[in-house]
Amino acid sequence: MGLHIQHLLGLEGVSKEDITLILDTADSFYSVLERDIPVVPTLRGKTIVNLFYENSTRTRISFELAEKRLSASPLNFSASTSSVNKGESLRDTIQNIEAMKIDMVVVRHQSAGVPYFLTNCTDAVIVNAGDGLHEHPTQALLDMMTIRRHFGKLDGLKVAIIGDIFHSRVARSNAWGMTTMGMNVVLCGPPTLLPQHRDSLGVKITDNLNEALDGADVVMLLRIQLERQSSGTFPSIREYRDRYGIDIEKMRRLKPNVLIMHPGPINRGVEVSSDVADSPNSVVLEQVTNGVAVRMASLFLLGGGENV
Ligand code: CP
């Protein structure tokens with residue numbers, strides 16, 4: 001049985017069965033990636049456009065690598081070097097690219113809802129690689145894969161997500177996905193960086209760091225997204241670091257086997273100190289490795305695959 005979704009626009013509303021299928025498939029692809037020749041022919045003949053209107057290091061490279069590992073043909077579009085700069089609209093851009101016969105579009109855009117909009121402009125399968133403040137579903141999937149590989153389960157684990165929650169599509173996708181998988185999610189940050197509609201995500205929300213960290217199995221730290229803020233939302237970076245940054249002193253109060261996670265890019269010395277980011281509890285680079293497997297699984301299953 002394959003996925004029940006046609007596109008991957010977000011994790012809101014995606015079933016436990018579908019998330020489990022993606023994570024199980026990602027585990028199989030993880031084994032493929034450890035082979036001497038880490039390539040399978042499953043998407044041979046498929047053309048996938050990576051449509052990036054916003055900067056990216058991890059997501060863009062890992063999607064392209066996942067496509068190559070699946071034997072698909074990736075095409076990379078960067079808004080900054082395209083005819084977007086001559087005034088071409090998003091609809092015209094996608095319809096011109098589709099005219100060249102493509103099968104899938106991986107899109108990152110600064111505006112929430114663009115992946116959904118594209119489903120009305122093209123017959124291609126759409127995968128959201130991050131849309132504004134809305135969702136970043138493959139990031140949340142790779143986060144859950146990383147946690148599951150360490151604990152052997154997700155159900156019943158407590159995760160504290162700390163930082164600029166309001167501007168974070170990673171927090172939003174993880175809140176949807178992790179609660180669906182039975183995790184106990186606590187979102188924590190300064191009051192001005194917490195969601196305004198607090199009941200909508202079905203998670204606990206607090207500005208009290210001790211409450212968030214108490215009993216946590218996983219601590220996920222988020223960057224302050226200054227580029228998405230129009231005015232100061234907290235007094236200073238130094239005050240933020242002192243109140244919400246995780247340093248070695250605060251880490252000593254956590255469970256010995258706690259996982260320290262971060263989606264990147266890290267602002268060392270702000271949300272996390274270097275000694276914590278580089279500690280044995282940190283799985284930041286494992287997250288990046290797992291991202292390739294999760295993106296292979298997502299593309300493979302959305303392309304109609306069922307068994308690896
Ligand atoms: N985690 C993440 O989305 O990183 P990039 O912005 O570098 O893709």
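As the structure lists them, so they are numbered: ligands from 1, and atoms in each ligand from 1. Side chains included, hydrogens not; waters and symmetry mates left out as well; all remaining heavy atoms used. Bear in mind that the values here come from a model prediction, so they are computed numbers and not experimental data.
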Problem set entry | Tyr53 and Phe77 aromatic ring geometry - parallel, tilted or perpendicular at 30°/60° bounds | tilted

For this session: Give the numbers and elements of all ligand 1 atoms closer than 4.0 Å to a heavy atom of Thr59.
Result: 2 (C), 3 (O), 4 (O), 5 (P), 8 (O)

Problem set entry | Pair His136, Arg108: side-chain N/O donor-acceptor within cut-off below 3.5 Å | yes

Exercise. Which residue holds the protein heavy atom closest to atom 6 (O) of ligand 1, what is that atom called, and what is the gap in Å?
Worked result: Arg108 NH1, 2.9 Å

Problem set entry | Residue pair Asn290 / Glu286, side-chain donor-acceptor N/O under 3.5 Å | no

Exercise. How about Glu211 and Thr206: does a side-chain donor come under 3.5 Å of a side-chain acceptor?
Worked result: yes

For this session: Show which atoms of ligand 1 fall inside a sub-4.0 Å distance from at least one heavy-atom site of Gly264.
Result: 1 (N), 2 (C), 4 (O)

Exercise. Under 4.0 Å from any heavy atom of Thr57, which atoms of ligand 1 are there?
Worked result: 5 (P), 7 (O), 8 (O)

For this session: Return a yes/no value for Arg58: is any of its N or O atoms, backbone included, closer than 3.5 angstrom to an N or O of ligand 1?
Result: yes

For this session: Find out whether the Lys NZ or Arg CZ of Arg149 is both under 6.0 angstrom from the six-membered ring centre of Tyr30 and within 45° of the ring's axis.
Result: yes

Exercise. Nearest protein heavy atom to atom 1 (N) of ligand 1, by residue and atom, and its distance?
Worked result: Pro263 O, 2.8 Å

